[in-house]
S.K.: 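Structure incoming, see below.
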Number of protein chains: 2
Amino acid sequence: MYERKLPIQEECGLDLIREVVFGKWKIHLLYYISQGISRPGQLQKNIPEASRRVLNIQLNQLEDDELVAKTVYNQQPPKVEYYLTDLGKSIMPIINELGQWGDTHSEHLRRVIKKRLILPEA
Amino acid sequence: MYERKLPIQEECGLDLIREVVFGKWKIHLLYYISQGISRPGQLQKNIPEASRRVLNIQLNQLEDDELVAKTVYNQQPPKVEYYLTDLGKSIMPIINELGQWGDTHSEHLRRVIKKRLILPEA
DNA sequence: CGGTATCCCTCGGGATACTG
DNA sequence: CAGTATCCCGAGGGATACCG
């Protein structure tokens, strides 16, 4: 009965997840795209705290990771529509659960997070 | 029929989640603690890629956010045991799902992630 | 409207060494 | 064994301006 040195199976799943969805705005982007908000301008409006540049970077990464894809319409003015791939769709249930969890405990979470922002000046 | 400017409910859940679980090792820590690996030294062994310092920082944040708590035994040598709070327990199902999703798609994910690391030298 | 380039700066996180 | 202090670095991300 050897102990496993590295519980590869479980551990790596979490590592991979982190690589793919731990950008500051990635879960938001996935969420909004899943809601049919497909155009970059719309996404930007829904996440005003993020700059256009960062949003594009993270969209590109999501594209590289094949969680989203886009349709480019060759016209003036340009028009682009993002959509979830099958892989992207497969992760949405979990992201929705995360969002719900955050909502459910929002009061508590807001409290502890604020503490983090204020205490430092002690 | 007004459009909602800010879909506060859903959006904020995701923001809060990010604040609480998006440290580099937080989901790993939660996972291992949930598996009964409660002592700092053991956690360290299971996450050798992380330094002791960072692990402690993230454990402290998880503590601040009240996802985990610890028991300190006043003895020599010292002994500390972390455990999940009710709030922490409540998020484990989702984290497990994340891990499973990562495992399920590990082949695909490893492929696209590697691409990210190699292409840049073009 | 969509995308990228440049610049800059914060801060998360790694290494090491020290205290209880 | 557990925790913290110091030092340092790179990446991630914000602002702005410019091409298609």
Side-chain angles (χ1 to χ4, degrees), chain A residues 14-15 17-29 32-33 37-65 68-83 113 116-122, chain B residues 14-15 17-29 32-33 37-65 68-83 113 116-122:
Chain A
L14 292 179
D15 282 325
I17 275 285
R18 189 190 52 206
E19 293 301 315
V20 166
V21 298
F22 271 34
K24 189 164 184 181
W25 305 108
K26 284 188 183 176
I27 53 176
H28 292 77
L29 287 171
Y32 285 123
I33 292 174
I37 301 176
S38 54
R39 304 189 55 184
Q42 295 295 329
L43 290 167
Q44 165 86 43
K45 263 185 210 159
N46 278 277
I47 316 179
E49 317 93 302
S51 68
R52 307 203 22 162
R53 176 180 159 277
V54 173
L55 244 37
N56 275 328
I57 290 176
Q58 308 217 338
L59 280 169
N60 288 336
Q61 289 176 355
L62 290 173
E63 224 185 317
D64 291 342
D65 296 339
V68 307
K70 67 178 169 183
T71 306
V72 180
Y73 298 88
N74 278 310
Q75 60 181 53
Q76 279 305 336
K79 177 177 169 183
V80 171
E81 286 186 340
Y82 284 90
Y83 56 91
I113 288 170
R116 278 220 297 265
L117 301 177
I118 298 172
L119 273 180
E121 45 104 353
Chain B
L14 292 180
D15 282 325
I17 276 285
R18 189 190 51 206
E19 293 300 316
V20 166
V21 297
F22 270 35
K24 188 164 184 183
W25 305 107
K26 285 189 183 176
I27 53 178
H28 293 76
L29 287 170
Y32 285 123
I33 293 174
I37 300 175
S38 54
R39 303 189 56 184
Q42 294 295 330
L43 291 167
Q44 166 85 41
K45 263 185 208 159
N46 279 276
I47 317 179
E49 318 92 302
S51 67
R52 307 206 21 151
R53 176 180 158 275
V54 173
L55 244 37
N56 274 330
I57 290 177
Q58 307 215 340
L59 281 169
N60 287 337
Q61 289 175 354
L62 290 173
E63 223 186 315
D64 290 342
D65 296 340
V68 307
K70 67 179 168 182
T71 306
V72 180
Y73 297 89
N74 278 310
Q75 59 180 56
Q76 277 308 334
K79 177 178 171 183
V80 172
E81 286 187 341
Y82 285 90
Y83 56 92
I113 288 172
R116 277 218 300 263
L117 300 177
I118 298 172
L119 272 179
E121 45 105 353

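Here the structure is a predicted model, which means the values were calculated and not measured. Order of the sequence lines fixes the chain letters, A, B, ..., with proteins taken first and strands second; residue numbering starts at 1 for each chain.
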S.K.: Is any side-chain heavy atom of B/E49 closer than 4.5 Å to a side-chain heavy atom of B/W25?
M.R.: yes
S.K.: Does B/K24 place a side-chain N or O at less than 4.0 Å from the phosphate oxygens OP1/OP2 of D/dG12?
M.R.: no
S.K.: Quick check: closest heavy atoms across A/Y83 and A/T71, and the distance to 0.1 Å?
M.R.: CE2-OG1, 3.4 Å
S.K.: Provide, to the nearest angstrom, the distance between the CG atom belonging to A/N56 and the C1' atom belonging to D/dG13.
M.R.: 13 Å
S.K.: Just the rounded figure in Å: distance from P of D/dG3 to CD of B/E81.
M.R.: 12 Å
S.K.: Return the value, rounded to whole Å, for the distance between atom CD1 of A/I47 and atom P of D/dG14.
M.R.: 11 Å
S.K.: Using the side-chain heavy atoms of B/R53, tell me which of these nucleotides is nearest: D/dC7, D/dT16, D/dG3.
M.R.: D/dC7
S.K.: Take atom NZ of B/K45 and atom C1' of D/dA2, then tell me their distance rounded to the nearest Å.
M.R.: 14 Å
S.K.: Please report the distance, rounded to the nearest Å, between CZ in A/R52 and P in D/dG14.
M.R.: 14 Å
S.K.: Which whole-number value in Å describes the distance from B/Q75 CD to D/dC1 P?
M.R.: 13 Å
S.K.: Flag the pair B/Y32 / B/Q42 as yes when at least one side-chain heavy-atom distance between them is below 4.5 Å, and no otherwise.
M.R.: no
S.K.: So, OP1 or OP2 of D/dG13: does either fall under 4.0 Å of a side-chain N or O from A/Q58?
M.R.: yes
S.K.: Students often get this wrong, so: under 4.0 angstrom with heavy atoms, is B/N74 touching a base, only sugar-phosphate, or nothing?
M.R.: nothing
S.K.: Can you tell me how far the CZ atom of A/R53 sits from the CD1 atom of A/I57, to the nearest 0.5 Å?
M.R.: 3.5 Å
S.K.: Calculate, to the nearest 0.5 Å, the distance between atoms CG and CG belonging to B/L29 and B/L59 respectively.
M.R.: 4.5 Å
S.K.: Which nucleotide span of DNA chain C, 5' end to 3' end, has atoms closer than 4.0 Å to non-hydrogen atoms of chain A?
M.R.: C/dC1 to C/dT6
S.K.: Within this structure, what is the CD-to-P distance between B/E63 and D/dA2, rounded to whole angstrom?
M.R.: 14 Å
S.K.: Do A/R18 and A/L14 come close enough that some side-chain heavy atom pair is under 4.5 Å?
M.R.: no
S.K.: Take A/I57 and B/K70, find for each the nucleotide of DNA chain D with the closest heavy atom, and name the residue whose nucleotide sits nearer the 5' end.
M.R.: B/K70
S.K.: Looking at every strand, decide which applies to A/P40 at a 4.0 Å heavy-atom threshold: base, sugar-phosphate, or nothing.
M.R.: sugar-phosphate
S.K.: Looking only at heavy atoms, which two atoms of A/L55 and A/Q44 are closest? And how far apart?
M.R.: CD2-CA, 3.7 Å
S.K.: So which one's nearest nucleotide on DNA chain C is more toward 5', B/Q61 or A/Y82?
M.R.: A/Y82
S.K.: What contact category does B/R39 fall into here, base, sugar-phosphate, or nothing, at under 4.0 angstrom with non-hydrogen atoms?
M.R.: sugar-phosphate
